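Data first, discussion second: the structure below is written as structure tokens.
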Amino acid sequence: MIKLDSDIGVKKIKEFHAAIIDELRSNDEVLIDFSGVERIDCSVAQLIIASGRAARAAGKTIKLKSVPRFVKYQMQICGIKI
Amino acid sequence: MSESAIKEVFISEAKEIIEKLESDLVQLEENEGDQEIVNRIFRSFHTLKGSSGIVGLTSIYNFSHKLENLLDRVRSGDIAVDNSLIDLILGSIDWIRDELFTEKADTDESKSAMNALQQRILEYTGEEKAVEAGEEEETGRAKPKAGVYNYFRIKARFADDVFETGIDPLMIIEDLLTVGTLLTKNVDREQLPALDAMNPERCYLSWDLIIKTLEPVDKINDVFMFVRDRNSITIEDVTASFSGRGRELPQEKRIGEILLEKGIISEAELDAVLKYHDSHKTKIGDIIVKKGLASEKDVKDALEEQEKLKKKIELNTVRVDTNRLDNILNLLGEIVIGQSSLNRIADELDDDKDTGFQLKNALYGLDRITREFQEQIMSIRMIPIGPSFEQFRRFVRDSAHERGKDIKLVIEGGDTELDKTVIEKISDPLKHMIRNAIDHGIEVPEEREAAGKAAAGLVTLRAYHQEGNVFIEVLDDGRGVNLAKVRSRAVERGLLKEDEEASRERLLSYLFHPGFSTADRVDDLSGRGVGMDVVKTNIEELRGTVELKSEEGKGTTIRIKLPLTLAIIDGMLVSIGRNIYIIPLLSIVESMQPKQEDVKTVEGKGEMISFRGEFVSLARLYDLFEIDARHKNPWEGLVIVVESANTRIGLLVDDLLGQQQIVIKSLDNYITRSRSISGAAILGDGKVALIVDIHGLVEDIMDINSAR
């Protein structure tokens with residue numbers, strides 16, 4: 001599981017990117033915990049999209065946990081169905 | 001635009017928004033049901049939110065978002081306006097201000113203050129509801145409002161390095177969706193590489209959206225204001241494709257919208273009017289009046305409002321650093337100096353010869369253009385004093401509350417324009433005078449009622465232009481100055497003898513005396529005194545004057561007279577020995593050569609000259625400035641009679657050299673220890689001339705005379 005920092009954004013995106021790649025390599029299901037995250041930025045949204053594609057291509061799953069309503073709204077703006 | 005430049009623009013914009021918010025909130029407190037003020041406050045928080053998001057100040061963005069939600073609930077009537085709500089919002093503004101302009105930003109103290117404020121905001125809105133409000137941006141706004149919608153197609157493709165500039169495209173799109181309802185959305189993810197191949201610090205997403213809004217295109221443009229330069233943003237008005245009615249008659253339709261927003265007509269009535277309009281092609285305003293739905297005045301007002309809106313939309317503005325304007329003004333000063341040199345050369349040329357005549361003619365034309373140029377630049381520097389006045393609303397409110405008083409601030413003449421530098425420098429003296437009015441002038445409600453006055457006191461700030469000057473008045477309807485107490489204090493301080501007669505004006509003038517404002521005098525001196533000497537000094541530094549009028553029991557008026565500009569004056573050049581001095585033309589009453597018998601020495605008053613039936617003090621400038629002079633007898637030289645604060649004096653000089661525009665160059669403080677010199681100017685031949693400060697000079701002369 002990846003627990004996101006409350007201030008997740010472009011400043012921490014490299015770290016998050018590396019963590020997702022690692023998790024997908026070693027797990028069939030990757031859980032990303034959004035609890036405590038008030039908002040995301042575009043870099044986070046596009047990484048979620050890319051992770052979803054990568055997971056589907058590999059027959060794996062990405063699950064998003066405890067996504068606050070406002071973050072869901074942000075994801076919808078970026079075309080992420082949730 | 002660089003990231004720091006964007007932030008600079010934001011900081012400057014935020015300062016204005018905060019000042020406007022404070023003024024609006026205090027006005028809302030006084031007019032609780034005023035929907036227009038609520039809307040203004042909502043819009044201000046919305047702008048603050050959007051702009052802070054763009055520059056990456058997420059704490060302010062999130063906090064403003066919560067405040068925006070709170071205001072949205074106030075706007076919809078869910079939350080009533082009361083003192084405690086206003087206190088909460090003002091407190092929130094204080095937090096934003098600290099976060100932007102002080103070192104408290106991002107400290108534990110600041111975070112804890114923010115949490116406490118957020119908690120109080122949530123007590124009003126509830127957390128869940130706050131989140132829902134965010135979602136309403138998409139779903140809630142889908143409910144069509146009556147009126148005429150505009151439809152815009154927005155294609156936003158951001159540069160792949162956009163994150164490096166601190167801009168978050170998602171935040172921009174969020175902001176866009178607060179302007180209207182999202183109809184269609186296409187997020188292009190084709191550019192997004194595979195997870196392994198992507199650089200997560202690059203932006204790959206782009207949007208193609210259609211939104212429906214009652215707002216004009218400028219609102220959409222505003223959203224992309226900071227990102228248009230480096231990113232591909234296209235905004236297309238597609239209203240014609242979406243609306244059967246199209247936009248062929250936008251003017252008429254908007255009148256209906258304005259009347260609807262004002263609650264003058266209902267949605268059903270507007271629909272009926274629009275149907276009638278479609279079939280009869282009569283003007284909307286005429287139909288509304290004919291059907292008796294609104295008066296002619298209502299329609300006229302709506303038309304005016306519409307006109308204002310159109311003007312606002314058409315307005316093209318550019319934000320310029322005032323230092324740049326100052327630089328232009330300085331360069332203009334150099335041109336004026338160069339022009340003076342040319343004038344001097346032209347004067348030496350023979351008029352009879354073509355070249356001399358032609359040069360003078362050309363210089364005459366150049367002089368006219370230079371003056372016009374100067375006026376144009378000065379007009380750019382001129383700004384209305386209104387916003388500066390408005391910032392005192394909160395100060396009056398808070399100070400009055402602290403003292404258990406009920407005080408309303410009335411602002412008149414906010415459109416009056418004056419030089420930005422003057423406005424900046426007038427702020428502290430004004431605050432001082434307002435504080436005095438609150439502390440000492442306005443009585444507590446019980447005392448006012450006992451005196452037959454309204455419980456709420458009034459402090460009025462008024463500005464107006466008159467005779468080439470700007471006047472600013474601070475009036476209060478308080479208890480006025482107790483002259484008996486002023487007199488007793490003056491005697492106590494040795495300014496007045498026990499049995500000495502003193503006019504009302506003289507007694508009031510003691511309030512500007514430095515001794516009257518020392519801390520040991522915290523007393524019940526009814527009205528004025530505290531720090532008025534500082535006020536006077538500050539105003540005089542601006543080449544202005546200040547006078548005070550007061551009527552016991554009725555109130556006090558302080559009137560400040562200021563020049564329109566501080567940078568350039570019309571001056572008279574005079575010679576004293578080998579030196580040249582400049583006397584501001586506005587201060588000169590007349591120049592004369594007195595007869596020997598008109599010069600007298602009066603005991604206790606020094607030398608006087610007879611001037612038009614009165615005797616005025618004579619000042620020998622060569623004595624005062626400790627320089628040589630060609631003429632030591634007034635009847636051999638020239639006397640220039642000048643006036644300041646209703647006092648006239650004669651200045652003995654050797655000769656008049658002529659008038660010219662003078663660009664004032666300020667001198668360092670150590671050079672200008674003398675109150676009689678206000679600055680210097682460079683003349684056409686490169687010489688430096690000192691500018692005589694008539695106000696300071698008159699005071700110096702009066703001091704010398706009273707010490708005799």
Side-chain angles (χ1 to χ4, degrees), chain A residues 2 4-25 30 32 34-58 60-62 66-82, chain B residues 53 56 58-59 61-63 65-66 69 118 127-139 156 158 160-177 182 185-209:
Chain A
I2 300 170
L4 293 180
D5 289 346
S6 60
D7 58 346
I8 183 68
V10 72
K11 284 181 185 160
K12 296 186 172 177
I13 203 68
K14 272 189 166 176
E15 207 180 303
F16 182 26
H17 182 225
I20 284 193
I21 291 174
D22 272 0
E23 286 284 319
L24 272 176
R25 272 190 198 134
V30 177
I32 304 172
F34 279 81
S35 54
V37 175
E38 282 196 20
R39 57 171 296 114
I40 58 169
D41 66 12
C42 184
S43 73
V44 177
Q46 64 185 17
L47 187 55
I48 300 287
I49 296 169
S51 312
R53 284 182 186 171
R56 275 194 299 279
K60 298 182 175 184
T61 321
I62 296 271
S66 305
V67 184
R69 298 183 75 159
F70 187 71
V71 176
K72 279 185 189 171
Y73 166 69
Q74 290 187 297
M75 288 181 176
Q76 282 163 7
I77 292 176
C78 295
I80 301 170
K81 285 180 188 167
I82 189 165
Chain B
T58 46
S59 58
Y61 174 90
N62 289 330
F63 190 65
H65 185 68
K66 290 185 171 69
N69 289 338
Q118 284 194 164
E127 190 169 15
E128 279 302 298
K129 286 178 180 170
V131 174
E132 280 170 13
E135 288 198 334
E136 278 172 19
E137 303 294 344
E138 189 182 39
T139 56
F158 294 90
D160 63 354
D161 61 352
V162 67
F163 298 142
E164 287 172 18
T165 60
I167 289 164
D168 174 16
L170 174 53
M171 211 177 254
I172 306 279
I173 302 298
E174 281 172 46
D175 207 23
L176 173 68
L177 298 183
L182 181 67
K185 175 188 72 190
N186 180 21
V187 185
D188 182 358
R189 290 163 289 183
E190 292 307 308
Q191 305 300 317
L192 184 63
L195 182 66
D196 290 342
M198 75 182 286
N199 176 349
E201 292 179 328
R202 298 274 146 189
C203 178
Y204 301 104
L205 300 186
S206 61
W207 284 263
D208 183 351
L209 313 165

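Protein chains get the first letters and strands the later ones, always in sequence-line order, with residue 1 at the start of each. Model, not experiment: these values are computed from the prediction.
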Q. Top residue by heavy-atom pair count (under 4.5 Å) with chain B, among C78(A), S43(A), A57(A)?
A.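 Highest number of pairs under 4.5 Å: C78(A).
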Q | Residue, of L24(A), I13(A), I20(A), that accumulates the most heavy atom pairs under 4.5 Å with chain B | A |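 So the answer, after comparing L24(A), I13(A), I20(A), is I13(A).
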Q: Please work out whether the ring planes of F158(B) and W207(B) are parallel, tilted or perpendicular, with thresholds of 30° and 60°.
A: perpendicular
**Q.** chain A contacts, top residue of L195(B), D196(B), L205(B) (heavy-atom pairs, under 4.5 Å)
**A.** L195(B)
Heavy-atom closest pair, residues [X] and [Y]:
X       : Y       : value
K12(A)  : D7(A)   : NZ-OD1, 2.8 Å
V187(B) : I77(A)  : CG2-O, 3.3 Å
E201(B) : F163(B) : O-CD1, 3.2 Å

With only heavy atoms counted, which part of [X] is less than 4.5 Å from chain B, the side chain, the backbone, both or neither?
X      : answer
Q74(A) : both
I40(A) : both
A54(A) : side chain

Q) In Å, rounded to the nearest 0.5 Å, how long is the span from CD1 of I21(A) to CG of L47(A)? A)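 Spacing of CD1 (I21(A)) from CG (L47(A)) equals 8.0 Å.
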Q | Interchain contact, Y61(B) with chain A, by part (heavy-atom threshold 4.5 Å) | A |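 Side chain of Y61(B) only, per the 4.5 Å heavy-atom cut-off to chain A.
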Q: Might you work through the side-chain contact (heavy atoms from CB on, under 4.5 Å) test for I172(B) and I167(B), ending with a clear yes or no?
A: CA-CA 8 Å; I172(B) 306 279; I167(B) 289 164; 4.2 Å; yes
